[in-house]
Amino acid sequence: MKYLPLLWAGLFRRKARTILTLLSVVVAFLLFGLLQAVQIAFESGADTADAKRLLTTARYSIIEPLPMAYVRRIETVPGVVGVAYAAWFGAKYQNESNAFALFAVDPARYLDMYPEFTVAPAHRDAFVAGRTGALAGRRLADRYGWTVGQKLPINSEIHPRSDGSMTWEFDLVGFIDAEDPAVRGNTDIVLINAKYFDEARQFGKGRTGWYIERIADPAEARAVAAEIDRLFANSPDETKTQPEKEFAIGFAKQIGDIGAMVTRILIAVFFTILILTGNTMAQSIRERIPELAILKTLGFSDAKVTLLVLAEAVLLLLLGGGLGMAAATAVMPMVNGSTGGRFPPLFVEADTWARAAAVVLGLALAIGLPPALRARRLRIVDALAGHR
Amino acid sequence: MGRALGPVVRITLINLLTLPQRLGTALVVVVGIAGVVGVLVSVLAMAEGFRHTLGSTGRSNRVIMLRSGSDAELSSGIPREQAALLASLPGIARDPAGRPLASAELVVMVDLPRMGEIHPNNVPFRGVQPAAFAIRDELAIVEGRPFARGVREVIVGRKASQQYAGLGVGSRIAFRDSDWTVVGIFESGGDVHESEIWSDAEVAASAFRRLGYQSLTATLADASEAGFTGLAALVKRDPRFAISVLREPEYYAKQAQVLSWLIEVLGYTVAAFMAVGATFGALNCMYTAIASRQVEIATLRAIGFGGLPVVVSVMIEALLLALIGGAVGGALAWVYCDGATLSTLNFNTFSQVAFAFRVTPTLLAQGLAWALLIGMVGGLLPAIRAARLPVTVALRTQ
């Protein structure tokens, strides 16, 4: 610690150069923080998955509907402690299609299935009791300026009402929110009552989209899932049941390997930083060879001089990485604001900080070691004489 | 003019001739800018490839009909009896035998894993009527044969057969309670249909237990605007239908919107950040380059060279390095990405679409423009500083 002023003096010996280098490191880590957040957002389903939840879809495609009557039969499977279901509505609001997800659900079953959603008791009661009630995610409601008590006119892309009209109207009776920012991304939904939806729609009656099961013991997940699928094997509507996390990972994979793409971009970024900073560092040490020789003359051991040079690289990367990650954290609310909630919320996780620290350390070693070893080999006489 | 240029050319030459001595710093500029351009071009090539695939789908003399209010085939539905009525409308072309050039089609999703993976993907499965092949004359069977009518046989798009496992000619695939045989591979100019699996509509309807169709594709009898609006108005006026009529290119361009916007935003954001970082790097290197030549530059000015030639020579050096960096980055993107295929979930259609990276000349030019911009910003400040440093001060140091 007592060498910090010395390190600082060495680092900022040429202010402009160090500041420019520092800024490029800051930018690299800012990008690192943002891209990691994007990757996490795409795979967030897997992070917020509950190990005690299973998901049942039609066996050959997730878009095929399943009979609503399955709910009673799934309930009989040992190990299943709760069953909920949901159907995709294909919401279009103000001509924006796919702007948000709207599910037709059994209110009590669905809300019980997702205890991580917070719904005020009065809102919940109104939703459970009413036929035409709807709950909306808080973020979503803020985006469109919805208030409790108003009518929500929403078109369906898929389901006409029995009179052929595609326009539906629901009463907004409450909001869904979540404490955990990662879960909040999953609340960008509107829920409606499946009973009303099923009565009023023209076709597809008696069917729902998928089932969600709560199980008693996560260790039994596979056995319970197999048992559910066995119930419906060789029926016209076979099922595929898997743990929620597995489903989420599979769905993220449909989009493609986001992780691999982000990794490739970051490799390009950090390779560039490595070359850039490495060159600056080497140059800086080259210029200071006489000074290093003086340090050695004063009695600094070879090891100490080596460590000093290495520490300088660590300090530079630590400063840049820290500032960059702090900047990424700071701009996140702005980024989330500008996407208007159309994208899941981005945030810098503790895990991302840990990874950034690992990258800082790796880069510092790669950048600092060559000049540090050079400083170690330095012979005082040669260095002072100006032989480099 | 020649006299004015003389000093500039001479100093620039001196600059460039000493460049090999400063190879280290010069390389840093080149690598930094190559990184920016490489990432920019490859990400945009992805957006370009995706847009090209959807943009090259469909012809303006063809229309697609969907239920009003549906933006994509998957959410649309056309009852059987209506499909027959729509096909026989007067605005639709007929073949020499007098049959309408219209194909009512059903689209379902089937789960298939990508090559070497296990996770299922929403691969579109399209049941088509016999007229489909006369309507889409860009489609050609390149391997095997067409499917026979009334049998569980499929033909597979070239890109689908490359992306997903088990779609070679002769292989069997199981969906629902039915087994299908792949009998052929087709190409259709790299458009979106190459990501699909096709079969006979009637067979597909019974296997997937569908009562209706998703869409109807037809050739216009009169491809002019009048012919199109005539047909659209006819459908709109008819109280039996709640159907919207779109020209094919219009429909498919809409399907590309969300995803290509997303990829572009990602590409430009990442490249902008990297460009800022690379600009700092370039600034650093050019300052260093000038610092190491401070005495030389001061000497030149002492013997009568003006400030402008010095500025210009430094700028030329920076731009040249940037240009090399840009070219390297573009070349890397072209070598590694161009033509590579990938598939992703199109949010508009909720189905997989396979496409190839397209590194176009426009993208390469755009990459070079970014490189030059970085070079310009990175070179200008150091150049001005070199020209403005008082000669006496510059000569006294060192």
If I measure from the heavy atoms of chain A, does [X] come under 4.5 Å with its side chain, its backbone, both, or neither?
| X | answer |
| --- | --- |
| B:Val39 | side chain |
| B:Ile118 | neither |
| B:Ser42 | neither |
| B:Leu211 | neither |
| B:Ser68 | backbone |
| B:Tyr287 | side chain |
| B:Val258 | neither |
| B:Leu342 | neither |

Is B:Arg209 paired with A:Glu64 through a side-chain N to carboxylate O contact shorter than 4.0 Å?
no
Could you check whether A:Lys240 pairs with B:Asp111 (Lys NZ or Arg NE/NH1/NH2 to Asp/Glu carboxylate O, under 4.0 Å)?
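Salt bridge present between A:Lys240 and B:Asp111.
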With only heavy atoms counted, which part of A:Arg59 is less than 4.5 Å from chain B, the side chain, the backbone, both or neither?
backbone
Per-residue contact mode, A:Leu34 against chain B (heavy atom under 4.5 angstrom):
side chain
Closest non-hydrogen atom pair between [X] and [Y], with its separation:
| X | Y | answer |
| --- | --- | --- |
| B:Val28 | A:Leu276 | CG1-CA, 3.7 Å |
| B:Gly277 | A:Val27 | N-CG1, 4.0 Å |
| B:Arg114 | A:Lys253 | NH1-O, 2.8 Å |
| B:Arg67 | A:Glu157 | NH2-O, 3.3 Å |

Among B:Thr344, B:Asn121, B:Leu259, whose side chain to side chain contact (heavy atoms under 4.5 Å, CB included) with A:Ile255 holds?
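Result: among B:Thr344, B:Asn121, B:Leu259, B:Thr344 is the only option passing the side chain to side chain contact (heavy atoms under 4.5 Å, CB included) with A:Ile255.
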B:Asn284 and side chain to side chain contact (heavy atoms under 4.5 Å, CB included): which single residue from A:Leu20, A:Asn279, A:Thr277 fits?
A:Leu20
Is a donor from one side chain sitting under 3.5 angstrom from an acceptor on the other, for A:Ser61 and B:Asn122?
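The answer is no; no qualifying pair exists.
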So which of B:Val123, B:Leu27, B:Val270, B:Leu66 has the largest heavy-atom pair count under 4.5 angstrom toward chain A?
B:Val270
B:Met109 and A:Ile62: CA distance, side-chain angles, deciding distance, side-chain contact (heavy atoms from CB on, under 4.5 Å) verdict:
CA-CA 8 Å; B:Met109 292 296 147; A:Ile62 58 174; over 6 Å; no
Nearest 0.5 Å, what's the [atom1]-[atom2] distance between [X] and [Y]?
| X | Y | atom1 | atom2 | answer |
| --- | --- | --- | --- | --- |
| A:Lys92 | B:Ser70 | NZ | OG | 7.0 Å |
| B:Ser75 | A:Trp88 | OG | CH2 | 10.5 Å |
| B:Ser351 | A:Gln254 | OG | CD | 9.5 Å |
| B:Leu266 | A:Ile265 | CG | CD1 | 5.5 Å |

Not counting sequence neighbours, which residues clear side-chain contact (heavy atoms from CB on, under 4.5 Å) with A:Pro153? List them please.
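side-chain contact (heavy atoms from CB on, under 4.5 Å) check on A:Pro153 returns A:Tyr93.
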With sequence neighbours left out, what residues match A:Thr263 under side-chain contact (heavy atoms from CB on, under 4.5 Å)?
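With sequence neighbours excluded, A:Thr263 shows a side-chain contact (heavy atoms from CB on, under 4.5 Å) to A:Ile267, given in chain and number order.
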Stepwise side-chain contact (heavy atoms from CB on, under 4.5 Å) check, A:Tyr60 with B:Val110
CA-CA 6 Å; A:Tyr60 293 101; B:Val110 292; 6.0 Å; no
Take a 6.0 Å sphere around [atom1] of [X] and say whether it holds more than 12 heavy atoms from other residues, nucleotides or ligands.
| X | atom1 | result |
| --- | --- | --- |
| A:Arg222 | CZ | no |
| A:Phe12 | CZ | yes |
| A:Arg264 | CZ | no |
| A:Asp163 | CG | yes |
| A:Phe271 | CZ | no |
| B:Arg385 | CZ | no |

Do you know which of A:Leu23, A:Thr280, A:Leu22 has the most heavy-atom pairs under 4.5 Å to chain B?
A:Leu23
Considering only heavy atoms and a distance below 4.5 Å, find which of A:Val26, A:Ile273, A:Thr272 pairs most often with chain B.
A:Thr272
Using the side-chain contact (heavy atoms from CB on, under 4.5 Å) rule, take A:Phe251 and B:Leu345 through it: C-alpha gap first, then chi angles, then the decisive distance, then the call.
CA-CA 9 Å; A:Phe251 193 75; B:Leu345 187 71; 3.8 Å; yes
Are the side chains of B:Phe280 and A:Thr21 in contact, using a 4.5 Å heavy-atom criterion?
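Result no, sub-4.5 Å side-chain heavy-atom pair not found.
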